Amino acid sequence: MAKIQKIKGVADLFPEDSARYAFMEETARDVFSAYGYGELRVPILEKTELFCRSIGEETDVVQKEMYTFPDRKGRSLTMRPEATAGVVRAYVENKIFQPGKVSKYFTFGPMFRYERPQAGRMRQFHQIDAEIFGAAEPQADAEVLLMLSSFLSKIGLEKLSFELNSLGCPECRPQYNQALKDFLNSLDREQLCDDCQRRMDTNPLRVLDCKNKNCKALTEKAPTIPDHLCGECRDHFDTVITLIDEAGLKYTLNPRLVRGLDYYQRTAFEVTSGDIGAQTAVAGGGRYDGLVESLGGPKKVPGIGFACGMERLAMLLEGDYEPKTDFYVALVDDRAAKEALIFGEELRRKGLKGEIGFTAKSMKAQLRHANKINAAKCFIFGADEFENGTVTIKDMTESGEQETVTRSEYFK
RNA sequence: GUGGGUGUAGCUCAGUUGGUAGAGCACUUGGUUGUGGCCCAAGUGGCCGGGGGUUCAAGUCCCCUCACUCACCCCA
């Protein structure tokens with residue numbers, strides 16, 4: 001029979017890899033709960049319309065990258081390409097909102113985007129996500145940034161750079177967009193790269209973070225969003241900056257930082273690393289004060305949050321995250337198989353973790369395996385132990401000290 | 001969607017102008033008549049990604065295809 005292969009862009013994570021993901025999830029639970037967040041598990045499948053309305057009909061994610069299909073009754077469903085939309089949907093649907101109430105949630109799990117895989121980019125990828133509803137104050141922006149920073153340093157990543165910008169609000173952004181368009185139209189269109197010529201029409205903001213040197217030079221004097229913020233947005237952004245300065249967070253202001261999803265406004269941020277290939281963003285987020293309303297919730301419920309890309313973070317984690325084991329029960333003589341099994345069960349009842357050899361192998365092979373699984377102790381069952389009702393306990397550190405005791409004595 | 005690279009042992013890879021396969025690591029066993037990590041030796045293990053073609057002969061040359069991978073694009 002022919003082998004069945006996994007589909008493109010998904011991964012099987014065996015213990016040595018999945019241990020990193022478990023480590024990140026456990027750390028996120030610890031850190032986020034210290035800030036008052038609770039876990040919210042939301043579905044992977046949602047109605048397609050949810051993502052069209054939140055992410056934006058014109059975005060690449062919605063237009064080209066979603067796993068969308070009809071279910072058996074012809075309803076259009078989509079496997080979530082990001083987490084925020086589903087969290088907001090759950091928040092609105094369950095009527096969590098009340099005036100003045102602040103709600104904080106985190107969630108993690110698989111997301112799906114139909115893209116060509118490359119380093120740090122999978123079709124099924126995983127995010128750790130955190131969101132706050134009901135807090136319009138800049139203190140919330142600052143705390144979210146500090147919590148993200150705290151999480152990243154807890155998993156051992158200190159060399160990441162934070163980039164920060166404000167995208168303005170529905171009041172001031174249209175003015176900026178016009179100013180940007182005017183500027184771009186004043187340029188010699190032919191000198192921009194092909195992509196930027198297209199972006200001028202589809203998404204002018206994107207022209208600003210083109211990597212092409214020529215385009216960078218041409219747009220060097222382009223108007224930036226922070227220069228066109230309205231008074232309220234300006235004040236908000238200034239306060240956020242003051243707060244995180246006071247708290248000691250290191251960051252750089254990037255007036256050209258934009259987000260790929262349409263729902264962001266005001267504070268937007270990205271955490272990047274230069275060590276994971278062409279993809280540099282390991283986390284990103286921002287404020288989305290209009291999203292709750294646009295998904296059918298009440299007006300003026302603010303929101304802010306971020307997502308971390310677990311595949312990309314995993315690439316940066318160093319070292320071994322597999323748990324150590326306490327013991328290995330070595331079976332050197334088949335006659336002792338039953339005793340070895342029972343003995344191992346007894347060890348586990350004492351709360352120890354370890355493995356038992358199922359088939360008798362040479363002493364050499366058994367000890368090598370004990371060594372390999374990093375067992376602290378090896379309990380040997382061979383011919384002597386079988387005949388005498390004993391067990392030989394060998395220390396697996398360098399000393400290799402050992403003693404032989406009767407099995408009934410060992411557990412006293 | 002567009003480009004580039006790579007597919008040979010479980011893993012990392014050699015394979016010379018075409019003559020039906022090698023190394024290291026890993027694994028098993030032995031040296032050590034029951035004691036690991038070092039060392040030594042032997043052994044197990046390959047439709048050389050798949051299909052077609054050229055040839056007396058193809059891992060090697062040509063075509064097609066599949067998979068993986070990196071980059072563009074886009075994003076976490």
Side-chain angles (χ1 to χ4, degrees), chain A residues 2-3 5-11 55 59-66 80-84 108 110-130 148 152 160 193-196 198-199 202-203 206 209-212 257-261 269-273 276-286 305-316 328 330-333 336 359-375 377-387 392-402 404:
Chain A
K3 276 183 280 190
Q5 294 178 299
K6 66 180 182 297
I7 63 176
K8 189 190 288 288
V10 303
I55 296 170
T59 58
D60 275 22
V61 171
V62 168
Q63 293 220 322
K64 300 191 288 198
E65 297 173 1
M66 294 206 300
R80 62 180 184 193
E82 60 104 42
T84 304
F108 33 68
M111 313 290 158
F112 303 84
R113 292 184 198 175
Y114 191 91
E115 300 181 275
R116 287 281 291 272
Q118 70 187 70
R121 192 172 80 182
M122 298 290 282
R123 288 185 172 182
Q124 176 178 337
F125 61 104
H126 299 77
Q127 289 187 336
I128 294 174
D129 182 88
L148 174 57
L152 292 170
L160 301 170
C193 71
D194 292 347
D195 286 323
C196 279
R198 178 176 52 75
R199 289 180 182 118
T202 57
N203 194 349
R206 283 269 157 217
D209 65 353
C210 181
K211 289 164 190 161
N212 184 300
L257 177 72
V258 295
R259 305 268 66 219
L261 312 181
F269 53 89
E270 202 163 280
V271 184
T272 59
S273 165
I276 53 173
Q279 312 297 323
T280 58
V282 298
F306 64 78
C308 304
M310 295 180 74
E311 278 72 13
R312 295 179 187 180
L313 292 176
M315 291 168 81
L316 294 167
Y328 179 69
L331 184 59
V332 185
D333 188 308
T359 58
K361 287 182 183 171
S362 71
M363 180 63 68
K364 185 178 191 171
Q366 296 280 21
L367 286 174
R368 284 176 82 175
H369 185 73
N371 213 32
K372 190 166 188 176
I373 67 169
N374 245 313
K377 284 183 177 170
C378 188
F379 296 90
I380 300 168
F381 284 79
D384 292 352
E385 287 79 8
F386 172 71
E387 279 153 21
T392 297
I393 306 158
K394 183 176 174 63
D395 191 297
M396 292 304 289
T397 60
E398 273 184 43
S399 74
E401 287 172 8
Q402 64 184 60
T404 301

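Throughout, a chain's letter reflects where its sequence line sits, starting with A, and its residues are numbered from 1. All values below come from the heavy atoms of this structure, side chains included, with hydrogens, waters and symmetry mates left out. All values derive from a computational prediction rather than experimental measurement.
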*asked:* I need the CD1-C1' distance between A/Ile393 and B/rU35, as an integer number of Å.
replied: 15 Å
*Between A/Cys308 and A/Ala383, which has a closest nucleotide on RNA chain B that is more 5'?*
A/Ala383
*How far does the C1' atom of B/rG5 sit from the matching atom of B/rA9, given to the nearest Å?*
23 Å
*Provide the distance between the two C1' atoms, one in B/rU60 and one in B/rA14, to the nearest whole Å.*
13 Å
*Within this structure, what is the CG-to-P distance between A/Leu367 and B/rU32, rounded to whole angstrom?*
18 Å
*Quick one: which of B/rC73, B/rU35, B/rA76 gets closest to the side chain of A/Leu261?*
B/rA76
_Is there a side-chain contact between A/Val271 and A/Phe306 in this structure, where contact means two heavy atoms from C-beta onward sitting under 4.5 Å apart?_
no
*Using the P atom on both, measure B/rA26 against B/rG49 and round to a whole Å.*
26 Å
*Stem segments of RNA chain B by first residue number [Watson-Crick or G-U, under 3.5 Å, at least 3]*: B:1-7 with B:66-72, B:10-13 with B:22-25, B:27-31 with B:39-43, B:49-53 with B:61-65
Identify all pairs in which a protein N or O lies below 3.5 Å from an N or O of nucleotides 68-72 of chain B, and state each distance.
| residue | atom | partner | partner atom | Å |
| --- | --- | --- | --- | --- |
| B/rC68 | OP2 | A/Lys8 | NZ | 3.2 |
| B/rC70 | OP2 | A/Ala119 | N | 3.1 |
| B/rA71 | OP1 | A/Ala278 | N | 2.8 |
| B/rA71 | OP2 | A/Gln118 | NE2 | 3.4 |
| B/rA71 | OP2 | A/Ala119 | N | 3.4 |
| B/rC72 | N4 | A/Arg121 | NH2 | 3.2 |

*When the C1' atoms of B/rG45 and B/rC39 are considered, how many whole Å apart are they?*
24 Å
*asked:* Closer than 3.5 angstrom, by distance alone: can the side chain of A/Arg121 be matched with the main-chain N or O of A/Arg116 as a donor-acceptor pair?
replied: yes
*Check for a donor-acceptor pair, side chain of A/Glu311 on one end and backbone N or O of A/His126 on the other, with a separation under 3.5 Å.*
yes
_So, taking the atom named NZ in A/Lys377 and the one named CE in A/Met396, what distance separates them when rounded to the nearest 0.5 Å?_
12.5 Å
*Test for a donor-acceptor pair under 3.5 Å between the base of B/rC73 and the side chain of A/Arg206, counting only N and O atoms.*
no
*Determine the contact category for A/Glu401: base if any of its heavy atoms lies under 4.0 Å from a base atom, sugar-phosphate if only primed atoms, P, OP1 or OP2 are that close, otherwise nothing.*
nothing
*Which residue, A/Ala283 or A/Tyr114, contacts RNA chain B at a nucleotide closer to its 5' end, judged by nearest heavy atom?*
A/Tyr114
*Expected output: side-chain A/Arg123 to main-chain A/Glu115 donor-acceptor under 3.5 Å*: yes
*Specify the separation, in whole Å, of atom CZ of A/Arg199 and atom P of B/rC74.*
4 Å
*Sub-4.5 Å side-chain heavy-atom contact between A/Phe125 and A/Arg312*: no
*Considering only the C1' atoms, how many Å lie between B/rU8 and B/rU2, rounded to the nearest integer?*
30 Å
*Tell me what A/Glu398 touches on the nucleic acid: a base, only sugar-phosphate, or nothing, going by heavy atoms under 4.0 Å.*
base
*Could you give the CZ-to-C1' distance, from A/Arg113 to B/rC73, as a whole number of Å?*
14 Å
*Check every strand shown and say whether A/Met111 touches a base, only sugar-phosphate, or nothing at a heavy-atom separation below 4.0 Å.*
nothing
*B/rG4 and B/rC40: how far apart are their C1' atoms, nearest whole angstrom?*
46 Å
*Starting from the C-alpha separation in whole Å, work towards a yes-or-no answer on side chain to side chain contact (heavy atoms under 4.5 Å, CB included) for A/Lys361 and A/Thr359.*
CA-CA 6 Å; A/Lys361 287 182 183 171; A/Thr359 58; 4.1 Å; yes
*Spacing between A/Asp395 atom CG and B/rU35 atom C1', to the nearest angstrom*: 13 Å
_Value in whole Å for how far the P atom of B/rC74 lies from CZ of A/Arg312_ = 14 Å
*Using the test salt bridge (charged side-chain N to carboxylate O under 4.0 Å, His left out), find all partners of A/Arg199 that sit at least two apart in sequence or belong to another chain.*
none
*Answer with base, sugar-phosphate or nothing: what part of the nucleic acid does A/Asn371 contact at a heavy-atom distance below 4.0 Å?*
base
*B/rU28 to B/rU69 separation - C1' atoms, rounded to the nearest Å*: 34 Å
*asked:* Once salt bridge (charged side-chain N to carboxylate O under 4.0 Å, His left out) is applied, do any residues pair with A/Lys364, and if so which ones, sequence neighbours excluded?
replied: none
Are there any protein N/O atoms within less than 3.5 Å of an N/O atom in nucleotides 27-29 of chain B, and if so, which ones and at what distance?
| residue | atom | partner | partner atom | Å |
| --- | --- | --- | --- | --- |
| B/rC27 | OP2 | A/Arg368 | NH2 | 3.2 |

*State, yes or no, whether a side-chain contact exists between A/Ile276 and A/Leu313 at a heavy-atom distance under 4.5 Å.*
no
*Backbone N or O of A/Met111 within a donor-acceptor pair of the A/Glu82 side chain at under 3.5 Å?*
no
_Rounded P spacing from B/rU65 to B/rC74 in Å_ = 29 Å
*asked:* Atom CZ of residue position A/Phe386 - does it have more than 12 heavy atoms of other residues, nucleotides or ligands inside 6.0 Å?
replied: yes
*Which whole-number value in Å describes the distance from A/Asp384 CG to B/rU35 C1'?*
12 Å
*Determine whether any donor atom in the side chain of A/Gln402 lies under 3.5 Å from an acceptor atom in the base of B/rG34, or the reverse, and answer yes or no.*
no
*asked:* Looking at A/Lys394, I want to see if its NZ is surrounded by more than 12 non-hydrogen atoms of other residues, nucleotides or ligands under 6.0 Å.
replied: yes
*Give the rounded distance in Å between these two atoms: CG of A/Asn374 and C1' of B/rG37.*
12 Å
*Taking side-chain contact (heavy atoms from CB on, under 4.5 Å) as the test, write out the residues that go with A/Glu270, two or more places apart.*
A/Leu257, A/Arg259, A/Thr272, A/Ala281
*Under 4.0 Å between any heavy atoms, over every strand shown, what does A/Thr397 touch: base, sugar-phosphate, or nothing? Just pick one.*
base
